[in-house]
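Just below is one structure, and these are the notes that go with it.
Start at 1 and go down the list; that is how both ligands and their atoms are numbered.
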Amino acid sequence: MSVGSEIGVAQLEADPYPIYEQLRAEAPVCHVDSVGLWLVTRWDDVQYVDKSPDLFTGETEPSTLNRTFGKNLLGSEGAYHARIRSIIYPWFRVGAIGAYPDTVIAPIANELVDAFSERGSADLVSEFAEPLSARVLKQALGLEFVEEETLRRWFVELATGAANFEGDPEKQKIADAASAEVNETVAPVIERLEREPDDTLLSSMVNTDVDGERLTLEEVQANLKVMIVGGLQAATDLIALSLWAILSHPEQLEEVRRDPALVDPAIEEAARWHSPVGTSTRQTTRETELGGVTLEQGALVAAVLASANRDERNWTDPDRYDIHRREGGHLAFATGPHLCIGARLARYETRTAWRVLLDRLPDLRLDPEHPIEITGWEFRSPHHLHVQWN
Ligand code: HEM
């Protein structure tokens with residue numbers, strides 16, 4: 001039996017890292033039957049996949065993303081992708097959201113901490129990371145009037161469609177209903193923003209003109225859904241994973257407390273060590289060779305970012321969390337044309353979350369009564385993060 005036929009989904013969900021290590025050593029490009037994907041696990045090969053959209057396209061056929069959201073930047077390549085990205089990107093520049101940490105994120109984070117600071121204990125996932133990420137995203141997108149619960153439901157239902165590789169009509173019905181609901185909800189808002197622009201991402205998508213090119217109504221709606229799916233869970237997960245990483249290394253936490261300049265490298269190292277988004281999914285446009293394996297045209301390929309970030313060919317002692325590591329950038333936000341457009345916002349959220357918690361909760365530490373359980377391979381995160389302070 002080949003290595004790939006022995007790997008089960010449950011094993012990947014529980015802890016994919018030992019599997020990735022074995023694959024990197026024995027079968028760096030390997031068909032894993034249980035997930036129906038070729039897993040590409042070495043640093044160089046993952047970079048190659050992400051940076052070769054002519055060979056490994058994000059415009060898969062069928063495209064679960066385009067089918068569910070409408071044609072969007074993550075499900076397209078080439079000139080179309082470049083046009084959409086050039087119109088959407090300006091809102092994410094430092095000049096546009098540089099004040100976000102102080103004006104938007106810190107006030108929300110402080111309000112959340114106010115609700116539990118007297119208590120001496122909390123679950124930093126449900127009481128902090130989740131609501132922080134949802135409220136920041138609502139404000140950023142211009143959907144403040146949408147209930148947090150509704151945003152979360154949209155996320156779940158749209159993500160159901162995005163992951164519906166088997167084309168299950170029941171799942172698609174749920175996703176299509178959510179998609180229609182988002183369209184209906186934002187249509188009047190878009191109409192108003194055309195007359196009265198504001199500083200939100202939605203307004204920017206509606207009104208930005210690059211060389212005479214604008215997004216159509218359908219494109220605004222489709223890309224808004226990508227932002228909902230890409231920007232909610234992953235940001236929650238990075239906040240939670242990074243806090244768990246530093247809290248489970250008390251000596252390094254002490255160093256960060258003494259020298260706040262270490263906050264940024266400590267967060268980047270956490271994103272490398274436990275990457276919230278596991279893969280870039282692509283499809284080959286023609287027969288091609290990778291890692292000694294011939295992939296047929298149309299093969300579905302997952303470039304495993306989380307594995308590249310632990311590749312011993314690129315990192316010294318890769319399983320160790322080390323805030324002093326200086327070995328270059330990681331791939332948690334992918335690379336190439338689909339490099340995460342929201343990375344700056346996600347970093348602002350995480351850094352601000354750390355700053356507020358470390359300032360306000362003295363002697364913050366993990367609660368020994370509640371061991372942390374981290375699961376998932378495509379999206380990996382702790383479901384709870386129980387902590388205590390004095
Ligand atoms: C820690 C949080 C985040 C992580 C780890 C993350 C990760 C990623 C990754 C790995 C990709 C590339 C996917 C691929 O290659 O197939 C990506 C793309 C993308 N992300 Fe994020 N993301 C995060 C936060 C956000 C936020 C906050 C937003 C928006 C508000 C966002 C919006 C997007 C969009 C629109 C794309 C597609 C870009 C394109 O196709 O050109 N992400 N993200």
Side-chain angles (χ1 to χ4, degrees), residues 37 40 46-47 49-53 56-60 63-66 69 71-78 80-89 91-92 96-97 100 104-105 129 132-143 151 155 162 200-202 204-205 219 222-243 267-268 270-272 274-283 300-306 308-309 330-351 353 376 378-381:
L37 291 163
V40 176
V46 169
Q47 295 245 14
V49 169
D50 270 8
K51 288 182 174 170
S52 312
F56 298 94
T57 180
E59 201 168 331
T60 57
S63 166
T64 57
L65 289 179
N66 293 345
F69 306 153
K71 194 168 178 188
N72 65 84
L73 83 172
L74 188 52
S76 63
E77 298 291 358
Y80 183 85
H81 172 261
R83 171 180 153 259
I84 304 285
R85 186 144 171 139
S86 73
I87 296 171
I88 293 180
Y89 183 69
W91 186 87
F92 287 96
I97 58 166
Y100 249 63
V104 174
I105 306 169
L132 178 63
S133 148
R135 288 180 204 180
V136 171
L137 190 66
K138 282 200 325 178
Q139 202 153 329
L141 294 179
L143 298 178
L151 187 71
F155 167 82
T200 62
L201 175 54
L202 188 54
S204 175
M205 289 203 280
E219 287 169 340
N223 287 294
L224 180 72
K225 290 170 216 161
V226 180
M227 301 298 169
I228 294 173
V229 172
L232 188 65
Q233 187 68 42
T236 302
D237 294 348
L238 181 61
I239 295 168
L241 282 168
S242 66
L243 287 167
I267 290 171
E268 295 308 308
R272 178 200 71 80
H274 274 266
S275 308
V277 176
T279 73
S280 295
T281 308
R282 302 287 187 266
Q283 190 167 35
L300 282 173
V301 172
V304 187
L305 306 165
N309 283 337
H330 57 72
L331 290 175
F333 293 108
T335 184
H338 295 282
L339 171 71
C340 176
I341 206 167
R344 179 170 290 120
L345 181 62
R347 287 182 161 118
Y348 282 168
E349 286 184 46
T350 312
R351 291 171 191 167
E378 204 36 291
F379 301 102
R380 188 160 178 80
S381 62

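The parts of Leu74 lying near ligand 1 are both backbone and side chain, judged by heavy-atom distances below 4.0 Å. Of all the heavy atoms of Leu238, the ones lying under 4.0 Å from any atom of ligand 1 belong exclusively to the side chain. For Ala332, every heavy-atom contact with ligand 1 shorter than 4.0 Å involves the backbone, none the side chain. At a 4.0 Å heavy-atom cut-off, ligand 1 touches Pro337 through the backbone alone. Contacts between Leu137 and ligand 1, counted as non-hydrogen atom pairs separated by less than 4.0 Å, involve the side chain only. Proximity of Asp237 to ligand 1, defined as any heavy-atom pair under 4.0 Å, is not found for any part of the residue.
In this structure, Arg351 CZ and Glu268 CD are separated by 6.5 Å, a value rounded to the nearest 0.5 Å.
Every atom of ligand 1 with a heavy atom of Ala235 under 4.0 Å away is listed here by number and element: 2 (C). Residue-ligand proximity, Ala334 to ligand 1, at heavy-atom distances under 4.0 Å covers atoms 10 (C), 12 (C), 15 (O). Listed by number with element, the atoms of ligand 1 under 4.0 Å from a non-hydrogen atom of Leu305 are 10 (C). Interface of Ala234 with ligand 1, defined as ligand atoms under 4.0 Å from a residue heavy atom, comprises 1 (C), 2 (C), 3 (C), 4 (C), 23 (C). Short contacts between ligand 1 and His81, defined as distances under 4.0 Å to a heavy atom of the residue, involve ligand atoms 39 (C), 40 (O), 41 (O). Atoms of ligand 1 found under 4.0 Å from any heavy atom of Val226, numbered from 1 in the order shown, are 35 (C).
The two residues Arg282 and Thr60 make their nearest non-hydrogen contact at C-CG2, 4.1 Å. Closest approach of Leu137 to Gly231, counting heavy atoms only: CD2-C, 3.9 Å. A pairwise comparison of heavy atoms in Leu37 and Val301 identifies CD2-N, 4.4 Å as the closest pair.
Among all protein heavy atoms, the one lying closest to atom 24 (C) of ligand 1 is Gly230 O, 3.6 Å. The protein non-hydrogen atom at the shortest distance from atom 29 (C) of ligand 1 is Met227 SD, 3.8 Å. With hydrogens left out, the protein atom closest to atom 26 (C) of ligand 1 is Gly231 CA, 3.4 Å, a heavy atom. The nearest protein atom to atom 34 (C) of ligand 1, hydrogens excluded, is given as Ile341 CG2, 3.6 Å; this is a heavy-atom distance. Among all protein heavy atoms, the one lying closest to atom 19 (C) of ligand 1 is Cys340 CA, 3.8 Å.
When side chains are defined from C-beta on, Glu349 counts as touching Ile239, because their heavy atoms get closer than 4.5 Å. Inter-residue side-chain proximity for Asp50 and Leu305 is flagged as met; some heavy-atom pair is nearer than 4.5 Å. The side-chain heavy atoms of Leu331 and Ser275, taken from C-beta on, include no pair separated by under 4.5 Å. Contact annotation: the side chain of Asn72 approaches that of Asn66 to within less than 4.5 Å [non-hydrogen atoms, C-beta and beyond].
For the residues Thr236, Thr279, Val277, Leu339, the heavy atom positioned nearest atom 7 (C) of ligand 1 is part of Val277. Between atom 9 (C) of ligand 1 and the options Phe379, Phe333, Phe92, the minimum heavy-atom separation is to Phe333. Of the listed options Arg85, Arg282, Lys225, His338, His338 places a heavy atom closest to atom 40 (O) of ligand 1.
Between Tyr100 and Trp91, the angle of the ring planes goes over 60°, which puts this pair in the perpendicular group of the 30/60° scheme.
Within the structure, ligand 1 lacks Glu349 among the residues with a heavy atom less than 4.0 angstrom away.
For the residue pair Glu219 and Asn223, no side-chain donor N or O sits within less than 3.5 Å of a side-chain acceptor on the partner.
Taking distance alone, with nitrogen or oxygen atoms compared against 3.5 Å, Asp50 stays at or beyond that limit from ligand 1.
The main-chain N or O of Ala302 is never found under 3.5 Å from a side-chain atom of Thr281 such that the two would form a donor-acceptor pair.
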